[in-house]
Amino acid sequence: MIYTNDDPMAVMAMEEDRTADYGLCEDSHDEACPVCGAECPEFYYMDEDEECIGCSECVYRTEVLF
């Protein structure tokens with residue numbers, strides 16, 4: 001596809017071509033996180049009933065309960 005120089009999609013097209021889609025998670029998890037919708041989380045977190053409560057993108061550890 002041909003883009004003009006002032007088209008914002010031109011930069012994305014050049015980067016996708018330059019990196020050959022490096023870093024896409026095509027071989028990892030097939031499903032998005034049901035809580036936040038993240039496409040390629042590293043981990044999913046489950047409760048004792050084996051229900052997903054989040055992923056590495058939306059669940060984090062904290063020292064204080066707020």
Side-chain angles (χ1 to χ4, degrees):
M1 179 168 253
I2 298 174
Y3 294 98
T4 61
N5 285 340
D6 59 349
D7 189 345
M9 291 305 294
V11 174
M12 290 302 299
M14 287 184 286
E15 283 300 301
E16 288 173 1
D17 187 50
R18 182 181 71 83
T19 61
D21 295 330
Y22 174 78
L24 291 180
C25 62
E26 60 197 32
D27 61 334
S28 63
H29 310 296
D30 292 338
E31 299 178 11
C33 175
V35 177
C36 71
E39 291 294 325
C40 300
E42 279 188 64
F43 303 103
Y44 292 100
Y45 294 99
M46 312 284 270
D47 63 6
E48 60 274 352
D49 298 327
E50 294 191 10
E51 295 288 326
C52 182
I53 59 170
C55 68
S56 56
E57 300 293 320
C58 63
V59 176
Y60 60 93
R61 181 178 172 175
T62 181
E63 296 293 325
V64 245
L65 184 62
F66 39 141

> For residues Met46 and Glu50, report the shortest heavy-atom separation together with the two atoms involved.
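In this case the closest contact between Met46 and Glu50 is CE-O, 3.3 Å.
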
> Hey, is the main chain of Asp49 close enough, under 3.5 Å, to the side chain of Asp47 for a donor-acceptor pair?
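Checked: pair present.
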
> Return all side-chain donor-acceptor pairs below 3.5 angstrom for residues 55-66, not counting sequence neighbours, or 'none' if the list is empty.
from  : atom 1 : to    : atom 2 : distance (Å)
Ser56 : OG     : Glu42 : N      : 2.9
Ser56 : OG     : Phe43 : N      : 3.4
Thr62 : OG1    : Val64 : N      : 3.4
Thr62 : OG1    : Val64 : O      : 3.3

> Kindly give the heavy-atom pair with the smallest separation between Ala32 and Tyr44, and that separation in Å.
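The answer is C-OH, 4.2 Å.
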
